[in-house]
> 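Before anything else, here's the structure in question.
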Amino acid sequence: MSSPIKAETPVMEKIVSLCKRRGFIYQSSEIYGGCGGVWDYGPLGAELKRNLRDAWWRTMTREREDVLGLDACILMNPAIWAASGHVATFADLMRECSLTNKRVRADHVDPQDGIVMNYSGAQSATGWKLPRAIAVLMKKGEHIESFRKRVRLLIASNAGEPAGKPEEIELLDETKGDTVEQSIDYHPETGAALGEARPFNLMLKTYLGPTATEADVTYLRPETAQAIFAQFKNVFDSSRVKVPFGICQIGKAFRNEVTPKNFTFRSREFEQMELEFFIKPDEAVAIISGSVAAWSEGADLSGPKPDWGWEMWHRYWVDQRTKFYQSIGLGDVLEYYWQTPADLAHYARACVDILCEFPFGTEELEGIAARGDFDLSQHQKHSGKSLEIFDEELKTAATALTDEAKEALIQRRLATESAKEKGGLTEVEVRAWFERLFKGFYLPHVIEPSAGLDRMALAVLAKAFYQYEKEDGKGKSETITILRLHPSIAPVKVGVFPLLKNKPELVSKAREVYQLLKGRLNTFYDEAGAIGRRYARQDEIGTPFGVTIDFETLGEQGGELKDTVTVRERDGGAQHRVKISDLAGWLASRL
RNA sequence: GCGGGUGUAGUUCAAUGGUAGAACACGAGCUUCCCAAGCUUGAUACGUCAGUUCGAUUCUGAUCACCCGCUCCA
């Protein structure tokens, strides 16, 4: 009867089109020609995003005893970004390969040896031309023909289709140049000359205060997490919480992305939902509980245990976040990528990317990192303020330890530190740290689940988007579009329709039902057009239920059906006869 | 930022150096109308700015945005 259609137009384009047509997402500043990398949410998009945001906030803090909320400003003291490392890592000098535009950090170019070959340009049989001069390093021992082949290949892959086949590209006016040794002016991979070093600042700079001098420079935050670390001590001191506990925050963040792309997936302004969950260092757990629980496949992650170290907590949060994604209907499109030691930042112990299947590929939705005490220690160092907390239970347990037991803990830590390739602590530093620990003081370690709200919204839209071809009674084929959104996040929960709009009794009854529902659920009233069209309109925006007031409702078919309505399900179109007095409860139990 | 592509009603697409058209969607109306039905009827577009030209949506240039690569990790 129905079958999924083949994509003649790419699915992503259909989704973008639907989003605009029905008021989910518009291009920013469209009447002025747009604005790169930023998008606005229309009426339905705003509802959808709010539902997702609320669901996250509810599960992350309101339904938990151990997580508190925070709502910090986008603007902060710029010293925060120096401490977090963003000023350094987001402002590297970069140089671009003149042939392929691949970028390398100016201070990370491996010196190259070889002979410089110059060309005035290139052209291909297709009529395509590379109009500028190029210089490429022929490496020692590289045969001239294989070198030329390599250059043609690089040109072809960068120019794309217009240049045609690599072998049909002609290199113009070849001249042999200087022999260079240990030069940092050529791209290590391609051998092509590098352009000038240019700063690549991915943070959005702004001025705080009307004078706008260099002294007033600060940045729009590139992530929400740093405010949590900066306010960690205030939250701890004002909330009567004990480690382990978390602080979560939802808010806008800004990055000057080199290439915003894939609709809202990579934007320059986006909304993050981040949790920093603070835990005791494993050594503290060992002192208090006698041992640290080891993770193994199938371990019980249903609820926190006192002997959990960072690894169990990390697994726990991956599990919690997975359950969340299942609750909004994304369970079956998730994938996980466990970063390898080579992927990890030096301060991170583990990081899992939760990936989701999008029409343009499988991409990251959320990252869950175990970051040790890196962030708090950075802010402690840069601010000069102690961010240590005092743990009474730890102090009591440590006091009871024998000196031998203490020394054993220190030795074990020393062994792991010396095994590290870089960043390992010295023995003096380790002993100083344990001295504070045995007195009950430490910087909490952190597990950081960090999710993108805009990505989540795009993910649920992409997952929900479904089209099929249907033949109507006359054999004419039409495309049916349904957004199969999970009812809990659908922007509109129920549509209310009088079967006919020219019958005042039906309309007034329908308005009554609408008034009854709209206080409790986001309800949409529609009387225009045929009933089937109204169902279809709601299907397209993902409304899970439709309520129709018909002549039976008015009692025409006898008293039994009086004051009952047809409730029609979006997925499958099944219909139920429900009493108006039961309607709100009936719907609420299914959302 | 660099290279390639694209830009016409709300959407998806036509055509044209001189008056821009369709389908669907949208508004109004008729119809005891349960899955985008039918009939009547209405509104709406050449991304922006220059140049060539008597005249540009069409040709040229610039610019902006989007898509695909380089990038990136919410």
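Hydrogens, waters and symmetry mates play no part in the numbers below; they use all other heavy atoms, side chains included. Numbered from 1 within each chain, the chains take letters A, B, ... in sequence-line order.
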> From the set B:U32, B:C34, B:G10, return the single nucleotide nearest to any side-chain atom of A:Asn502.
B:U32
> If only side-chain N and O atoms of A:Arg537 are considered, is one of them under 4.0 Å from the OP1 or OP2 phosphate oxygen of B:C35?
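False: A:Arg537 side-chain N/O out of range (4.0 Å or more) of B:C35 OP1/OP2.
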> Per the salt bridge (charged side-chain N to carboxylate O under 4.0 Å, His left out) rule, which among A:Glu271, A:Glu269, A:Glu223 passes with A:Lys252?
A:Glu269
> So, does A:Lys501 get its side chain near the phosphate of B:G29, meaning an N or O under 4.0 Å from OP1 or OP2?
yes
> Looking at A:Arg255, I'd like to know whether one of its side-chain N or O atoms comes within less than 4.0 Å of OP1 or OP2 on B:A74.
yes
> Hey, does A:Ser29 reach any base, or is it just sugar-phosphate, or nothing, if we go heavy atoms under 4.0 Å?
nothing
> Provide, to the nearest angstrom, the distance between the CD atom belonging to A:Gln27 and the P atom belonging to B:C66.
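To the nearest whole Å, that distance equals 6 Å.
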> In whole Å, what separates the P atom of B:U19 from that of B:U57?
9 Å
> Hey, does A:Ala451 reach any base, or is it just sugar-phosphate, or nothing, if we go heavy atoms under 4.0 Å?
sugar-phosphate
> Contact class for A:Lys252 vs. all strands (heavy atom < 4.0 Å): base, sugar-phosphate, or nothing?
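Counting heavy atoms under 4.0 Å across all strands, no contact is made by A:Lys252.
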> Should the pair A:Phe263 and A:Trp39 be assigned to parallel (<30°), tilted (30 to 60°) or perpendicular (>60°) ring geometry?
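Ring orientation, 0 to 90° scale: perpendicular.
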> Please classify the nucleic acid contact of A:Asp539 as base, sugar-phosphate, or nothing, using heavy-atom distances under 4.0 Å.
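It contacts nothing in the nucleic acid.
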> Nearest whole angstrom, please: distance from the C1' of B:C33 to the CG of A:Leu554.
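It works out to 15 Å between those atoms.
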> Could you work out the separation of B:U12 and B:G47 based on their P atoms and round it to a whole Å?
14 Å
> Taking only N and O in the side chain of A:Asn262, is any of them less than 4.0 Å away from OP1 or OP2 of B:C68?
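Yes, because at least one side-chain N or O of A:Asn262 sits under 4.0 Å from OP1 or OP2 of B:C68.
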> Do A:Arg568 and B:C34 have a side chain to base donor-acceptor pair shorter than 3.5 Å?
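Side chain to base: no pair present.
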> Does A:Arg568 make a cation-pi contact with A:Tyr535 (under 6.0 Å, within 45 degrees of the axis)?
yes
> Using a cut-off of 4.0 Å on non-hydrogen atoms, how would the nucleic acid contact of A:Gln575 be classed: base, sugar-phosphate, or nothing?
base
> Under 4.0 angstrom, heavy atoms only, what part of the nucleic acid is A:Ile480 near: base, sugar-phosphate, or nothing?
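Since a base atom lies under 4.0 Å of A:Ile480, the category is base.
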> Side chain of A:Ile531 only, heavy atoms from C-beta on: which candidate in B:A74, B:C34, B:A65 is closest?
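Side chain of A:Ile531 sits closest to B:C34.
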> Under 4.0 Å, counting only non-hydrogen atoms across every strand here, what does A:Gly37 touch: a base, just sugar-phosphate, or nothing?
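A:Gly37: backbone/sugar contact only, no base atoms under 4.0 Å.
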> Between A:Arg534 (side chain) and A:Asp526 (backbone), is there a donor-acceptor pair under 3.5 Å?
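Here the side-chain-to-backbone pair exists.
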> Within this structure, what is the OG1-NZ distance for the pair A:Thr481 and A:Lys14, rounded to the nearest 0.5 Å?
7.5 Å
> Among the candidates B:C34, B:C66, B:A36, find the nucleotide nearest to the side-chain atoms of A:Ala536.
B:A36
> Round to the nearest Å and state the distance from A:Arg21 atom CZ to B:A36 atom C1'.
11 Å
> Between the base of B:U71 and the side chain of A:Lys261, is there a donor and acceptor pair under 3.5 angstrom?
yes
> The test is side chain to side chain donor-acceptor pair (under 3.5 Å); show your working for A:Glu366 and A:Tyr325 and say whether it passes.
CA-CA 10 Å; A:Glu366 170 160 351; A:Tyr325 285 110; 2.6 Å; yes
> Taking the same atom, P, in B:G4 and in B:G42, what whole-Å distance lies between them?
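Here B:G4 and B:G42 have their P atoms 48 Å from each other.
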> Would you indicate what A:Glu364 reaches in the nucleic acid, counting non-hydrogen atoms under 4.0 angstrom: base, sugar-phosphate, or nothing?
base
> Using OP1 and OP2 only, check whether a side-chain N or O of A:Arg22 sits under 4.0 Å from B:G10.
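No, no such contact exists.
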> Using a heavy-atom cut-off of 4.0 Å across all strands, would you classify A:Thr224 as base, sugar-phosphate, or nothing?
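No contact at all - A:Thr224 keeps every heavy atom at 4.0 Å or more from the nucleic acid.
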> Select base, sugar-phosphate, or nothing to describe what A:Glu363 touches, counting heavy atoms under 4.0 Å on all strands.
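A:Glu363: no heavy atom of the nucleic acid under 4.0 Å.
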> What is the ring orientation for A:Phe358 with A:Phe265, classed by angle as parallel under 30°, tilted 30 to 60°, or perpendicular over 60°?
perpendicular
> Assign A:Cys351 to base, sugar-phosphate, or nothing according to its heavy-atom contacts below 4.0 angstrom with the strands shown.
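If one applies the 4.0 Å heavy-atom cut-off, A:Cys351 turns out to touch nothing in the nucleic acid.
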> Reckon A:Ser450 touches a base, only the sugar-phosphate, or nothing at all at heavy-atom distances under 4.0 Å?
sugar-phosphate
> Write down the distance separating the P atoms in B:U16 and B:U60, rounded off to the nearest Å.
16 Å
> Say you pick atom P in B:C66 and the same atom in B:A25; how far apart are they, in whole Å?
30 Å
> Please report the distance separating the P of B:A22 from the corresponding atom of B:U40, rounded so that it comes out in whole Å.
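Between the two P atoms, the distance is 15 Å.
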> Going by 5.5 Å between centroids and 30° between planes, is there a stack of A:Phe551 over B:U32?
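Whether judged by distance or by angle, A:Phe551 passes, so it stacks on the base of B:U32.
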> Looking at A:Trp586, A:Phe524, A:Phe497, which one forms a ring pair (Phe, Tyr, Trp, His ring centres under 6.0 Å) with A:Phe545?
A:Trp586
> Is it the case that the base of B:C34 and the side chain of A:Tyr535 share a donor-acceptor contact (distance under 3.5 Å, atom types as modelled)?
yes
> Please tell me which of the listed nucleotides, B:U11, B:C34, B:A37, lies nearest to the side chain of A:Leu499?
B:C34
> Atom CG of A:Leu355 and atom C1' of B:A74: how far apart are they, to the nearest Å?
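Checked: the CG to C1' distance equals 12 Å.
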> Name the nucleic acid region contacted by A:Phe497, choosing base, sugar-phosphate or nothing; use a 4.0 angstrom heavy-atom cut-off, strictly under.
nothing
> Applying a 4.0 Å non-hydrogen cut-off, can you work out what A:Ser17 is touching in the nucleic acid: base, sugar-phosphate, or nothing?
sugar-phosphate
> Strictly below 4.0 Å: does A:Arg533 bring a side-chain N or O up to OP1 or OP2 of B:C26?
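Result: yes.
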> Ignoring hydrogens and angles, answer whether the base of B:A74 and the side-chain atoms of A:Glu257 contain a donor-acceptor pair closer than 3.5 Å.
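Answer yes: a donor N or O sits under 3.5 Å from an acceptor.
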